[in-house]
Amino acid sequence: MAVSEEESPSSSSAGSSKSRSSASHGASYLAKTVLRGSVVLQVVYGRIRSPTSYDVVFGKETSIELVIIDEDGVVQSICEQPVFGIIKDIAVLPWNEKFCVGSPQLLGRDLLVVLSDSGKLSVLRFCNEMHRFFAVTHVQLSSPGNPTDQIGRMLAVDSNGCFIAASAYEDSLALFSRSASVGSDIFDKRIFCPTDKQGKIKTANGFTSICGTIWSMCFISKDVQPNKDYNPILAILLNRRRSYRSEIVLIEWNTKEHSLYVVYQCSELGPLAHHIVDIPHSYGLVLVLRAGDAIVMDFKVPHSPCILYRISLNFTPPSVEEPNFVRETIRIPDIIDEEGIYSVAASALLELSDLNKNDPMNIDDDSNVKPGSNFVCSWSWNPGNENSPRMIFCADSGELFLIDFLFDSDGLKVSLSDSLYKTLPAKALLWVRGGFLAVIIEMGDGMVLKVEDGRLDYRSPIQNIAPILDMSVVDYHDEKHDQMFACCGMAPEGSLRVIRSGISVEKLLKTSPIYQGITGTWTVKMKLADSYHSFLVLSFVEETRVLSVGVSFSDVTDFMGFQPDVCTLACGLVGDGLLVQIHQTAVRLCVPIAAAHPDGIDSASPTFTSWSPDNMTISLGAVGPNLIVVATSSPCYLFILGIRTVSARHYEIYQLQHVKLQDELSCIAIPQRLLEQTSFISRTSNRSGVRLDSLPVGLDISNTFVIGTHKPSVEVLSFTSDKGLSVLAVGSITLTNTLGTTVSGCIPQDIRLVLVDRLYVLSGLRNGMLLRFEWPSISAIYSLVSPGLQTFDNSCMANCISSSTSASQNFRSQPTQVTSLLDKTKDFPVYLQLVAVRRIGITPVFLIPLNDSLDADVIALSDRPWLLQTARHSLSYTSISFPPSTHVTPVCSTECPKGIIFVAENSLHLVEMVPSKRLNVQKFHFGGTPRKVLYHSDSRLLLVLRTDLSDDLCSSDVCCIDPLSGSVLSSFKFELGEIGKCMELVKAGNEQVLVVGTGLSSGPAIMPSGEAESTKGRLIVLCVEQMQNSDSGSIAFSSRAGSSSQRTSPFREVGGYAAEQLSSSSICSSPDDNSCDGIKLEESEAWHLRLGYSTTWPGMVLAVCPYLDRFFLASAANCFYVCGFPNDNAQRVRRLAVGRTRFMIMTLTAHFTRIAVGDCRDGILFYSYQEDSRKLDQIYCDPVQRLVSDCTLMDGDTAAVSDRKGSFAILSCLNYMEDNFNSPERNLAQTCSFYMGEIAIRIRKGSFSYKLPADDALRGCQATSIVGDISQNSIMASTLLGSIIIFIPLTREEYDLLEAVQARLVIHPLTAPILGNDHTEYRCRGSMARVPKALDGDMLAQFLELTSMQQEAVLALPLGAQNTIMFNSKQSPDPITVNQVVRLLERIHYALN
């Protein structure tokens, strides 16, 4: 399929014989999206989670994201899930009380209607319990894929939520009527248009058709009485074939006769109309958006509509009802098909003509639109404004305007504002309650604006990193994990982004490494109702220090009353102004003075009092409002303590009750406060906002606490003054691995009570595991409780000896009636159900809530910090982008309301969670479009190739970027009109030089046939050199701060940058990174680019690649060359050999002696270079034609390639035997394929190992014990939509295990694709038959989101014939256990985060 310059038999050893059996199964990979696409194509608004919540839904082509815009105008993500398909359009189906619902969960809530490439109309609902969307119903409209003549492109929903319309790109549409009765089908009637095979629709004068492109459609709203049926009227904007004008067609659906009727049809005159929009709360009125203007039409009488107003969009000056205007050729953004050829319908958007000038509705004269006329590219209506609709729209110039529609006795009046804001042209606008406007930009960051007082004010960004044009993964300054530098966006919003996995944090302050031996950290308030923390308590091995929270963080230990020479076990606020310190020998109650806090007592020294157990050592304790709980060991006792006033400013601690325990306690936790906000909850029972059915009956959070024991177990206890101490629930911890042996180290290290929709218990174990316990259902209680059970048999308090000074001893009574879970088991504790088990590390797990609320998210600290989303189903956690830490505590102050203090490597780090950063990305904005980024290790600088610069002297350059600040330090500018195309770092002797390829010709480089255009380009060699003694190159980042004394602030600023530059994605994340510690670049460290060599080539130089450490490859047109530096002189380049292909060469890559050439049509071609004879020989070719996007060689025999249709493939030559090597047809074998649904612009080989440091429990999974060399060969892909996908190699045993799990997940109702796609069909698109497929990591990740019972149900699911799994062995496979699957998926999840 390709020819070289001189044909000769291949003699390359790189493609030598390999055993066929070694690749008989193909490559085994798992594809996992680690960063979902950030491009928002659709945005809608509705009551998705509850009748009182107003939520925003982002449609992102391959995923769907639910977000909210908070009171500060910050977009916060609620959940995001892949749809395993491609979204075409999304609309909200509003709630209507007329319609009955089968499920109470749907009462008062809006639904989502989605069109996708599944060929189905899908109706989705949001499940709060599972924290994700589920399908309510699917309606098959067309075959899967993207057919233009089948329905599945655009949606329109009636304002009352009664009817839905779905259209194809052309020729056809369908209407649906919502069912008013309770049933399985949400639609009771449907009709397709046209209704007959001839494609005709009845009109008043005969018949017509809708042959042509449907540009827009909407329902004409009607003022109808509730519960009264009516016939809907759909208005469509139609562009017929071979026509240069638009038509407005009104189609009425007679639902009783089940027929369609065209009630009005008119050829639209004047400027081209591109959208038709229903004006809300204005029955019968629509707005037709045209190039240069907009017209308001009245369709109250559909047979004879009239035009009310014409609004000019020329904006010089803004005007309404201009009777005269000029029209000329208008160009609206090109609509191009996949091959880049304009369709006839698209050409109608470009060339307009004035026909049919005698229409009585024509308000346009014979003149043309004025030059520079605007058109509306996006718009949004003011929500909830029923009296006077208001619309904000964005013109193609990027300006935002406001239109007011006023109704009075004189009729409709329209008011158009001046320009309110200027940005890039918006893809979509969304006006939400609270006066916020979300502006979505397609190739740049969007924004949230505040609408107030007739103006728009900026509030926060909506991050969008698409498209990712290039990426470079670098372990900069020896960090603990890699980070990615990516070229993102297009001019003028092009930027360099620093991307990391995990949740973003802003690094604010850091101390010197003087805090050795910290054993605990706590933040404490001065009063129970305070919003901010007042003190930071640091416990050391033999010392305790207290710092004031604020700007200074000064030491106030002497003013607190804390005993400073002991190790503090726990501390907290027991009442306003009353702090408690618990250490091994005593419990100390302290009253701080005013020197420590303004609300302290006016005294020279603090007051304190103590309580000690008799001849016992306290092992642990906890402090809550009006309650202190401590435990001792040897002997094991549990003490309940209270506080009472003796006299003014004098208090005492007294014992309420103590009990002797069978088992030693390992942890205690007392809930501090109930939910702070419960706006999403509909039924509340008390002032705290807790749902009536969210708590087990009889359980009162205010007197409840939880403990962990060495039994091991977790227990929920309650203490009241009349009943004393009682056990409410017990959860036993008994874990086994796949071999059936008990997992060691299952003692709880920390424990928390969580209340989100339901009450559950979180526990972190000492072996690195995380558990979730829930109260069982009422039906399960009958099987758990039997008459033979003894009281507290499974509790650590079994047969305990209880003593109380004020509480009643006889606190148990028989129930009179069995009414609830707790009533049934009044004398017995409820047995908690273990619903989820996860391993997040191998060191003890500490649980630290972000605030005192019971619904607060929790930091799970083990080997590394994780953020546990408590609202999620099962256990859902994401890594926090911060190095491993020993302790962490939240800190809330006026300066830092969402701060967190980490203790890492003997330093304190103050960071802040950033809710506005939905992506863990740092942005360096600079002009132009960044096309290529490389990391130069010697200078520790980034080299970036930019195009589309606004400079008058050049439009493209190569610049040196400081990775810390993003500043441009130096640049090499190309000639005027010259455009940089590619660049790579190449060795020339002992130095690295930069080889750059450019294009000197304007216009495209490739013909539509794939052949190269007649163009010219330049090959340039640049030397990266240090500038000696250059004052201009001296850049001071910060000065080194002095050490802190114990009476001054221990914190200092990190690096001296602003908060945006100190984001979590900042490269200064390592605590020992010198760049974070305040450094100054010396004068000798300035670098610049010097021209070493330049030559002009026939054809644009589109690809360069280093080869064998002493050569490099470069392509121009359909030729590629092996080049070298004679005598290692970078100022001379010699072409040593040339190879030619049939079509334009897009990519070059090499691995040792193997060369892979990416042809734009013939796909991947393998070559070898004979150095002695200076010849290039083609040895293998692609088995199919392929539009290559990028390629990388995994080794000498295997290539990973992405194409421009969204597919990924592994090509290999391992299957060729020695005796077949000289065969004239030597096609590469495709050993793996995967359809991503997104075009991967760049793919890179990455060193990636998901095998964790593990103990015996981790190695218990037999299927994951085989570790081959392939675990070091992962592949990273970045896409046009801003996604990053990693392909992880698996062993054959691991692949077989997960393949069986995936086959069940794709058909299980909880995890099946929500848009109705056939998962196998979707992921196999574009691949050859019988080619092994990569496993879908996004599908498999759902397994971890399920509870243990749901996981068991998935694995027990029988597979049908089409999902039968083929095994190599004739023997029946071993049954798959949950433990096997969870262990393997946990390792992958751990490493990817």
Which residues satisfy the salt bridge (Lys or Arg N to Asp or Glu O under 4.0 Å) test with Arg390, sequence neighbours excluded? Asp404
So, for Tyr230 and Phe163, is the gap between ring centers shorter than 6.0 Å? yes
Taking the side chain as everything from C-beta on, heavy atoms only, tell me whether Asn96 gets closer than 4.5 Å to Cys162. yes
Would you say NZ of Lys413 has more than 12 non-hydrogen atoms from neighbouring residues, nucleotides or ligands within 6.0 angstrom? no
Shortest non-hydrogen contact from Asp72 toward Phe436: C-CZ, 4.1 Å
Closest non-hydrogen atom pair between Ser388 and Leu406, with its separation: CB-CD2, 4.0 Å
Please test Glu493 against Lys923 for salt bridge (Lys or Arg N to Asp or Glu O under 4.0 Å), starting from the C-alpha separation and ending with a verdict. CA-CA 11 Å; Glu493 284 297 311; Lys923 178 180 180 180; 3.7 Å; yes
Run Val286 and Val277 through side chain to side chain contact (heavy atoms under 4.5 Å, CB included) and show every step you take. CA-CA 5 Å; Val286 298; Val277 185; over 6 Å; no
Under the criterion salt bridge (Lys or Arg N to Asp or Glu O under 4.0 Å), I'd like the reasoning laid out for Asp55 against Arg109: C-alpha separation, chi angles, the key distance, then a yes or no. CA-CA 11 Å; Asp55 307 307; Arg109 293 165 55 177; over 6 Å; no
Value rounded to 0.5 Å, distance of CG in Leu1315 from CG in Asp117: 8.0 Å
Does one side chain, of Asn239 or Thr213, offer a donor that lies under 3.5 Å from an acceptor on the other? no
Counting N and O atoms only, with roles assigned by atom type, does the side chain of Asp278 sit under 3.5 Å from a partner on the main chain of Ile220, one being a donor and the other an acceptor? no
So, does Ser380 use its side chain to make a donor-acceptor pair with the main chain of Trp431 at under 3.5 Å? yes
Partner of Glu61 under side-chain contact (heavy atoms from CB on, under 4.5 Å), picked from Ile86, Leu1280, Val40, is Ile86
Judged by modelled atom types alone, do Gln463 and Ser38 share a side-chain donor-acceptor pair under 3.5 Å? no
Is there a donor-acceptor pair under 3.5 Å between the side chain of Ser282 and the backbone N or O of Pro280? yes
Partner of Val43 by side-chain contact (heavy atoms from CB on, under 4.5 Å), out of Val432, Leu430, Val57, Leu429: Leu430
Kindly say whether Ser216 contributes a backbone atom to a donor-acceptor pair with the side chain of His274 at under 3.5 angstrom? no
Let me confirm one number: the CE-CD1 distance from Met217 to Ile248, rounded to the nearest 0.5 Å. 15.5 Å
Atom CD of residue position Glu452 - does it have more than 12 heavy atoms of other residues, nucleotides or ligands inside 6.0 Å? yes
Between Leu93 and Leu112, is any pair of side-chain heavy atoms under 4.5 Å apart? no
Give a yes or no on whether the backbone of Ala166 and the side-chain of Arg153 come within a donor-acceptor separation of less than 3.5 Å. no
Would you kindly say whether Gln76 and Asp70 are connected by a side-chain donor-acceptor distance under 3.5 Å? yes
d(Met443 CE, Thr929 OG1) to nearest 0.5 Å is 9.0 Å
Is the shortest side-chain N to carboxylate O distance from Arg36 to Glu65 below 4.0 Å? no
With side chain to side chain donor-acceptor pair (under 3.5 Å) as the test, would you mind laying out the steps for Gln81 and Ser63 before giving the verdict? CA-CA 6 Å; Gln81 69 182 93; Ser63 66; over 6 Å; no
Is any side-chain heavy atom of Ile64 closer than 4.5 Å to a side-chain heavy atom of Phe133? yes
Are the side chain of Tyr309 and the backbone N or O of Leu412 linked by a donor-acceptor pair below 3.5 Å? yes
Does Trp379 have its ring centroid less than 6.0 Å away from the ring centroid of Phe401? no
Hey, are the side chains of Ile462 and Ile440 touching, using non-hydrogen atoms and a 4.5 Å cut-off? yes
Geometric cation-pi criterion Arg433 and Tyr54, 6.0 Å radius, 45° cone: yes
Check Asp418 with Arg455, please: is the shortest side-chain N to carboxylate O separation under 4.0 Å? no
Side-chain donor-acceptor pair under 3.5 Å between Asp293 and Ser312, yes or no? no
Determine whether Arg310 and Arg290 satisfy the following criterion, side chain to side chain contact (heavy atoms under 4.5 Å, CB included), listing intermediate values before the conclusion. CA-CA 10 Å; Arg310 175 183 174 277; Arg290 311 191 299 180; 4.2 Å; yes
Main chain of Leu155, side chain of Asp89: is a donor-acceptor contact present, judged purely on distance under 3.5 Å? yes
Closest non-hydrogen atom pair between Gly37 and Lys60, with its separation: O-CE, 2.6 Å
For Ala486 and Ile468, which heavy atoms make the closest approach, and how far apart are they? CB-CG2, 4.0 Å
Residue pair Val74 / Ser460, side-chain heavy-atom distance below 4.5 Å: yes
Kindly indicate whether the side chain of Glu80, heavy atoms from C-beta on, has any atom under 4.5 Å from the side chain of Val67. no
Drop me the distance from Leu402's CG to Ser415's OG, to the nearest 0.5 angstrom. 7.5 Å
First locate atom CG of Leu308, then atom CG of Asp298, and finally report the distance between them rounded to the nearest 0.5 Å. 5.0 Å
Hey, mind stepping through Trp381 and Phe393 against side chain to side chain contact (heavy atoms under 4.5 Å, CB included) and telling me if it holds? CA-CA 9 Å; Trp381 297 95; Phe393 70 87; over 6 Å; no
Check the pair Arg47 / Asp110 against salt bridge (Lys or Arg N to Asp or Glu O under 4.0 Å), numbers first and verdict last. CA-CA 5 Å; Arg47 297 169 293 182; Asp110 301 334; 3.6 Å; yes
In Å, rounded to the nearest 0.5 Å, how long is the span from CD1 of Ile48 to CG of Leu66? 7.0 Å
Taking the side chain as C-beta and beyond, is there a heavy-atom pair between Ile236 and Leu173 under 4.5 Å? yes
Sub-4.5 Å side-chain heavy-atom contact between Val114 and Ile87: yes
Between Phe219 and Trp253, does the ring-ring contact (aromatic ring centres under 6.0 Å, His included) criterion hold? Intermediate values first, please. CA-CA 11 Å; Phe219 283 96; Trp253 181 15; 9.0 Å; no
Nearest heavy-atom approach of Gln42 to Ile90 is CG-N, 4.1 Å
So Leu111 and Val92, side chain to side chain contact (heavy atoms under 4.5 Å, CB included) or not? Walk me through it. CA-CA 6 Å; Leu111 301 175; Val92 169; over 6 Å; no
Looking only at heavy atoms, which two atoms of Ala438 and Ile69 are closest? And how far apart? CB-CD1, 4.2 Å
